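Worth saying up front: this structure is predicted, and the values here are computed from it rather than measured. Order of the sequence lines fixes the chain letters, A, B, ..., with proteins taken first and strands second; residue numbering starts at 1 for each chain.
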Amino acid sequence: MSLQLKLGNGENQQMPTLMSGAKILLECLVREGVDCIFGYPGGVTLPLYDAMYDHPIRHVLVRHEQNASFAAEGYARATGNVGVCCSTSGPGATNLITGLVDALMDSIPVVAITGQVTSKLIGSDAFQEADTFGITRSCTKHNFLVKNIADLPQVVHEAFYIAKSGRPGPVLVDITKDVFSGQGQYAPVSAIHLPGYKVFTEGHTGQIRRAAQMIWEAERPLVFGGGGLVASGASAELRELVEYLDVPAVLTLMGLGALPSTHRNFISMPGMHGGYAANMALSNADLLIALGVRFDDRVTGRLSAFAPHAKVIHVDIDPAEIGKNRAVDLPIVGDLKRVIGKLAKVAKELEPSESGKNRAARAAWWGQVRSWQEAHPLVPATSTSEIKPQHVMREIDRISCGEALVAVDVGQHQMWAAQFIRFNGPRQWMASGGLGSMGFGLPNAIGVQFGRPDKLVFAVVGDGGFQMSIPELSTIASYGLPIKIVVVNNGYLGMVRQWQELFYNNRICAVELDVFPEAEKLAAAYGFKGRTVDRVEHLSSALEEAVKEPGPYLLNVRVSPTENVYPMVPAGAALNEMVLEPPRPVTVPK
Amino acid sequence: MLQTISLLMENKPGALMRVTNLLSQRLYNIESLTVARTLDPTLSRMTIVVDVDSTLRRQVIKQMNRLVNVLQATDLTEAPAVSREMVLLRIRVTMETRTAILKEAEIFDARVVDSSVEGFAIEATGDPEKLNEFIDVMRAYGEIEVTRSGMVAVSLEAKKLKLSAPVPAGAEASLQPVR
């Protein structure tokens, strides 16, 4: 019955129907195409869960609200659709926050529904009351508090529109208990009007023309792409552009997969742990075609020394990104998919004669880039006596063949995964880029698997982050999600230890994780298979076994405890001052 | 340095909080802030005077324009604009100084809005510097109590207001280009 309310548009207006606020919310979610909600119930959301009892929408019960917001993000990252999470008031709402800020930093479309105490009780320190609306103002792209049932449908559709349009982001809708349980006249909302919410999509035609000219004139052009390419779905257009112009491209952590990792024009990820060639290309280019990047400090190194010879064309959908960190020579505000498409078209129109193509300079530039790649390629460390974490990534890469979806946590393993796992397309690589939230990987993979049930999903996590979200093993078991959890276990909070070694005089403090549960027993306790490997010769077969297993699998890989991530641009250094190898043999006190 | 920002925004609960949060999260101190509804009661006009590093001024305006409830944020710091402030001042006076105070008030174009045996309540408007002088002069005559309105400013340039058009609600909404 409820699905009958799904309308194509507002033309065939329906007679208003008397419904509870909770049902109205569910109808609005259905109209937004939502098929699953990651949530955790509580006191004030009881009326909502009562309405879900006989509603077709799927609710996924996680084990902690933080993981509901991470899972919703995973769903959104993997599908491009809005991920939805839900919690009760007070502690439920405050627990969602890390995932919301994570989504804000990485521009991921998420709608969070939180319950609020009855409107009359707001401000009275009622049980499980928190000022969710105030607390989440700076954690979201926008937020709403609904105290009147008549506002509910409009607000829900506005929330989805804001979350997914322009620069995507999280939107929170706080709904009081009396709105959920009250009755109101519901008629589907046909249109929403946000007069002050501006979305710039097309890009200025004159600016695009000038960009094309600058690209033809450049001798050492470089595409510098980021997460905006993935958000915009601009992969096909990007590929056409770089192939037509034959320009080398680097992609940031958030942009990985926007071009296939094996594409001949793709150099590598730049930045703090990026490839030598990518960082050298940035340091020597005379033109950056910056597409959906925000010149983050982890990518630029010392900002004043970043791409010192380059003019910058910056395309972004968010005007506030233009000139925020790096002065821009040519700004274009618009949706990357459209702007890149137009740019390719205009570039073809303006194609100079053979003599005006800078053929010699461009060939020399490519030669230079290739020589950097050959001089210091990203090669995984290997050993016969211990498992190197880089080797684990290469093995996952071998099994994935570029097809798997990989959710990672935060830290050393995240960087190794970014360096060595390859992707054939966008939305295969899920990483907490901006916020760097530990505990992200496992719950994120849950959302990814719900969004893409047909796909092989890896949760590649460190032993630290894994233990932050270990309760979600229960969710994975409960829904029988065939996620392959690979714990890259070095017994340390490795990235922090790496910094203590390098920049804090080797004073190793509070980073040892000396106790880790036995994987086989831990998995068995939840009713699925698990195993620990600590010998190189067992790694391949163990991974194959994990992938063959129809259900979840927990593979705990004991890797070299002291391995550090290289190359590395030390904080405050320029990209071309990157350190390629460990400065000295490192001894870690027992 | 002090930056003057004029905002046209939706008259909705929480809108003010979004604007002030944006400034306070960067620890920018607000010198003054005035807000009142416009001819259209669904909108408010806000004038903010805030201490912002001059290199970040453009960024602050962009961040304000990004707020969903803000229709237009304009930097009036160096733009052609008129700004005014009002002061309500109470002064205790003696019989001997009453006439002199009234004369001073006249010089500053100030109006007496209440008069009693104890003293006057005086209203003055003008640009902030003029008001500072007025307050200094009044202080010389006795004990004063001052309430300032904060600055209101109006741009002298007609800046076209670009508003977004309605979009269809529901799953298809994102496919709809807005402008």
Side-chain angles (χ1 to χ4, degrees), chain A residues 6-11 28-34 80-82 109 133-134 137-138 140-145 147 153-154 156-169 171 188-202 318-325 335 338, chain B residues 7-28 38 40 42-46 53 55-74 160-179:
Chain A
K6 192 174 178 182
L7 291 179
N9 54 40
E11 275 161 21
C28 293
L29 295 182
V30 168
R31 280 197 68 204
E32 289 292 347
V34 175
N81 300 325
V82 179
F133 185 56
R137 200 300 296 169
S138 54
T140 54
K141 183 175 173 186
H142 194 68
N143 63 359
F144 295 94
L145 168 59
K147 289 169 72 181
Q154 195 77 31
V156 174
H157 292 305
E158 286 178 4
F160 275 82
Y161 177 64
I162 293 168
K164 67 193 172 185
S165 59
R167 178 181 185 165
V171 178
V189 172
S190 59
I192 48 176
H193 190 200
L194 298 161
Y197 177 65
K198 300 156 209 84
V199 180
F200 305 92
T201 52
E202 297 305 313
D318 180 1
E321 279 304 328
I322 306 285
K324 185 182 81 175
N325 293 333
D335 177 38
R338 292 171 200 248
Chain B
L7 287 183
L8 184 64
M9 55 201 282
E10 291 181 277
N11 182 6
K12 283 188 174 169
L16 172 65
M17 167 187 82
R18 293 176 206 284
V19 173
T20 54
N21 258 12
L22 204 151
L23 298 169
S24 62
Q25 82 182 93
R26 294 163 172 79
L27 215 63
Y28 294 160
T38 63
D40 177 348
T42 65
L43 302 180
S44 305
R45 171 72 67 179
M46 187 185 284
D53 188 308
T55 57
L56 294 170
R57 270 170 48 195
R58 278 171 63 98
Q59 181 63 22
V60 167
I61 296 289
K62 284 179 178 178
Q63 295 283 348
M64 294 216 163
N65 270 317
R66 201 159 76 153
L67 296 174
V68 172
N69 297 137
V70 171
L71 273 59
Q72 190 178 46
T74 318
K160 207 176 158 228
L161 182 64
K162 286 184 198 154
L163 298 181
S164 296
V167 291
E172 68 275 26
S174 69
L175 304 174
Q176 205 64 18
V178 182
R179 228 172 280 285

For the residue pair [X] and [Y], what are the closest heavy atoms and their distance?
{"X": "B:Ala169", "Y": "A:Val189", "value": "CB-O, 3.5 Å"}
{"X": "B:Gln63", "Y": "A:Ala320", "value": "NE2-CB, 4.2 Å"}
{"X": "B:Pro13", "Y": "A:Phe133", "value": "O-CZ, 4.3 Å"}

Which residues pass the salt bridge (charged side-chain N to carboxylate O under 4.0 Å, His left out) test with B:Lys62, not counting sequence neighbours?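 For B:Lys62, no residue satisfies salt bridge (charged side-chain N to carboxylate O under 4.0 Å, His left out) once neighbours in sequence are set aside.
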
Heavy-atom neighbours of B:Arg58 CZ exceed 12 at 6.0 Å: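 12 or below, so no.
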
B:Leu27 atom CG, neighbour heavy-atom count above 12 within 6.0 Å: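 Atom CG in B:Leu27 is not crowded, with 12 or fewer foreign heavy atoms closer than 6.0 Å.
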
Is it the side chain or the backbone of B:Val68 that comes within 4.5 Å of chain A heavy atoms, both, or neither?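 Answer is both: backbone and side chain atoms of B:Val68 are under 4.5 Å from chain A.
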
Chain A contact via B:Leu67 - which portion, at a heavy-atom distance below 4.5 Å: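 Contact with chain A is through both the backbone and side chain of B:Leu67.
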
Spatial distance of atom NZ (B:Lys12) from atom CZ (A:Phe144) [nearest 0.5 Å]: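 Nearest 0.5 Å value for the NZ-CZ distance: 7.0 Å.
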
Among the options A:Lys324, A:Arg167, A:Gln154, A:His193, pick out the one with the most heavy-atom pairs lying under 4.5 Å from chain B.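 Sorted descending by pairs with chain B, the first entry is A:His193.
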
Go through A:Asp318, A:Leu194, A:Ile162 and name the one with the most non-hydrogen pairs under 4.5 angstrom from chain B.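 The option with the most such pairs is A:Asp318.
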
Could you check if a side-chain atom of B:Lys162 sits within less than 4.5 angstrom of a side-chain atom of A:Lys198, using non-hydrogen atoms only?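 No. Closest side-chain heavy atoms not under 4.5 Å.
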
Of the backbone (N, CA, C, O) and the side chain (C-beta and beyond), which part of A:Leu145 lies under 4.5 Å from a heavy atom of chain B, both, or neither?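 For A:Leu145, there is no contact with chain B at all, as no heavy atom is under 4.5 Å.
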
With a 4.5 Å cut-off on heavy-atom pairs, point out which of B:Asn21, B:Leu22, B:Val70 contacts chain A the most.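 Maximum pair count with chain A is reached by B:Asn21.
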
With B:Arg18 via side-chain hydrogen bond (donor to acceptor under 3.5 Å, both in side chains) - residues at least two apart: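 Once residues adjacent in sequence are excluded, the partners of B:Arg18 under the side-chain hydrogen bond (donor to acceptor under 3.5 Å, both in side chains) criterion are A:Asn143, B:Asn69.
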
